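As the structure is a computational prediction, the values presented were derived from the model and not from experiment.
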Amino acid sequence: MRIIKFNDLQQTTWKNGGGTTREIAIARSGDALIWRLSIADVGVDGPFSKFEGLSRILTVIEGEGMELIGKQATLQAEYAVPVSFDGALEIQSRLKNGPLRDLNLIYDPAYCIGHARVIAEAAEYSIESRPGRIVALHCMTGSVALGEAELLHKGDTALIEGQSYRYVVEEHSHVLVITIQTEANN
């Protein structure tokens with residue numbers, strides 16, 4: 001298990017100046033992106049970057065959400081509700097009520113599949129070990145206890161790979177659970 005503290009993440013400004021990104025983790029095969037987890041701070045309405053051949057799962061982790069306006073449809077990105085879409089879509093975002101922060105999983109569906117869900121019920125949970133599976137636990141609010149000694153606080157992420165694990169979502173906490181599974185080992 002690897003713990004990534006929010007305060008340790010490097011911030012980069014978007015090309016269009018409308019926000020910033022902090023990369024949590026990335027996997028590549030040569031120059032090809034396999035998957036990437038990142039946190040984005042969105043300050044203004046504007047275009048999304050296109051990722052040809054990749055899929056995206058976006059989850060608003062702070063703020064009231066935004067509309068993702070495409071040519072065929074408009075998706076509603078609400079707080080704590082993961083939204084999946086094709087990374088190649090031309091999308092304009094429209095913030096609902098001010099700036100927000102979201103967590104993105106961008107992945108190549110030829111190599112892996114991604115899944116995201118939010119847990120808001122205080123309880124103990126477990127992660128089952130499987131070959132080719134990576135699980136990211138991102139603390140949205142409150143805290144998450146990992147084993148006897150580790151604690152995730154708001155903004156922190158744990159990456160768990162190749163092992164079974166138990167964690168406890170504390171009272172008044174939300175955790176975003178992202179699973180990345182290689183296609184060959186579904």
Check your understanding: Can you tell me how far CZ of R28 sits from CD1 of I34, rounded to the nearest 0.5 angstrom?
Key -> 9.5 Å

Practice item. Tell me whether Y165 is reachable from V168 by hopping between hydrophobic residues (I, L, V, M, F, W, Y) whose side-chain heavy atoms are closer than 4.5 Å. Key: no

Practice item. Give the minimum heavy-atom separation between L100 and G63, together with the two atoms involved. Key: CB-CA, 4.1 Å

Exercise for review: State yes or no: do Y107 and L176 share one hydrophobic cluster built from I, L, V, M, F, W and Y residues joined by side-chain heavy-atom distances below 4.5 Å, directly or via other members?
Suggested key: yes

Practice item. Please check if the side chain of R2 supplies one atom and the backbone of E161 the other of a donor-acceptor pair under 3.5 Å. Key: no

Practice item. State, without any angle test, whether T179 and H115 hold a side-chain donor-acceptor pair at a distance under 3.5 Å. Key: no

**Study point:** Non-hydrogen side-chain atoms of R22 and D41 separated by less than 4.5 Å
**Key:** yes

Revision key, fill the gap. Distance col, row E121:CD vs S173:OG, nearest 0.5 angstrom, shows 12.5 Å

Check your understanding: What distance separates W14 CH2 from S49 OG, expressed to the nearest 0.5 Å?
Key -> 7.5 Å

Practice item. First locate atom CG of L152, then atom NE2 of H138, and finally report the distance between them rounded to the nearest 0.5 Å. Key: 9.0 Å

Review point. Do side-chain atoms of T21 reach the backbone of A40 as a donor and acceptor pair under 3.5 angstrom?
Key: no

Exercise for review: Kindly indicate whether the side chain of H174, heavy atoms from C-beta on, has any atom under 4.5 Å from the side chain of Y79.
Suggested key: yes

Review point. What are the two closest heavy atoms between T59 and A116, and how far apart are they?
Key: OG1-CB, 4.5 Å

Review point. Is I180 reachable from L54 through a run of I, L, V, M, F, W or Y residues, each pair having side-chain heavy atoms under 4.5 Å apart?
Key: no

Review point. Do you know which two heavy atoms are closest between A88 and D86, and how far apart they sit?
Key: N-OD1, 2.7 Å

Review point. Do you know which two heavy atoms are closest between F85 and L75, and how far apart they sit?
Key: CB-CD1, 3.7 Å

Check your understanding: Do L58 and F48 have side-chain heavy atoms sitting under 4.5 Å apart?
Key -> yes

Exercise for review: May I ask you to say whether R94 pairs ionically with D45, meaning some side-chain N is under 4.0 Å from a carboxylate O?
Suggested key: no

Practice item. Answer whether the closest heavy-atom distance between the side chains of W35 and I178 falls below 4.5 Å. Key: no

Practice item. Can you measure from CZ (F6) to CD1 (I24) and round to the nearest 0.5 angstrom? Key: 9.0 Å

Check your understanding: Hey, is E78 close enough to K96 for a salt bridge, meaning N to O under 4.0 Å?
Key -> yes

**Study point:** Under 3.5 Å donor-acceptor, D108 side chain and A110 backbone
**Key:** yes

Point to revise | Heavy-atom side-chain contact between Y167 and I119 under 4.5 Å | key: yes

Check your understanding: With a 4.5 Å heavy-atom cut-off, do K50 and E90 have their side chains touching?
Key -> yes

Study note, to complete from the structure: Smallest heavy-atom separation, L68 atom then S93 atom, equals CD2-CB, 4.3 Å

Check your understanding: Is it the case that more than 12 heavy atoms not belonging to Q10 sit under 6.0 Å from its CD atom?
Key -> no

Review point. Is it the case that one hydrophobic cluster holds both I134 and I57, taking links as side-chain heavy atoms less than 4.5 Å apart, direct or via other members?
Key: yes

Point to revise | Separation of I4 CD1 from L9 CG (nearest 0.5 Å) | key: 7.5 Å

Exercise for review: Search all heavy atoms of L159 against all heavy atoms of A136 and return the closest pair with its distance.
Suggested key: CD2-CB, 3.6 Å

Check your understanding: Among the clusters formed by ILVMFWY side chains lying less than 4.5 Å apart, do F51 and V83 turn up in the same one?
Key -> no

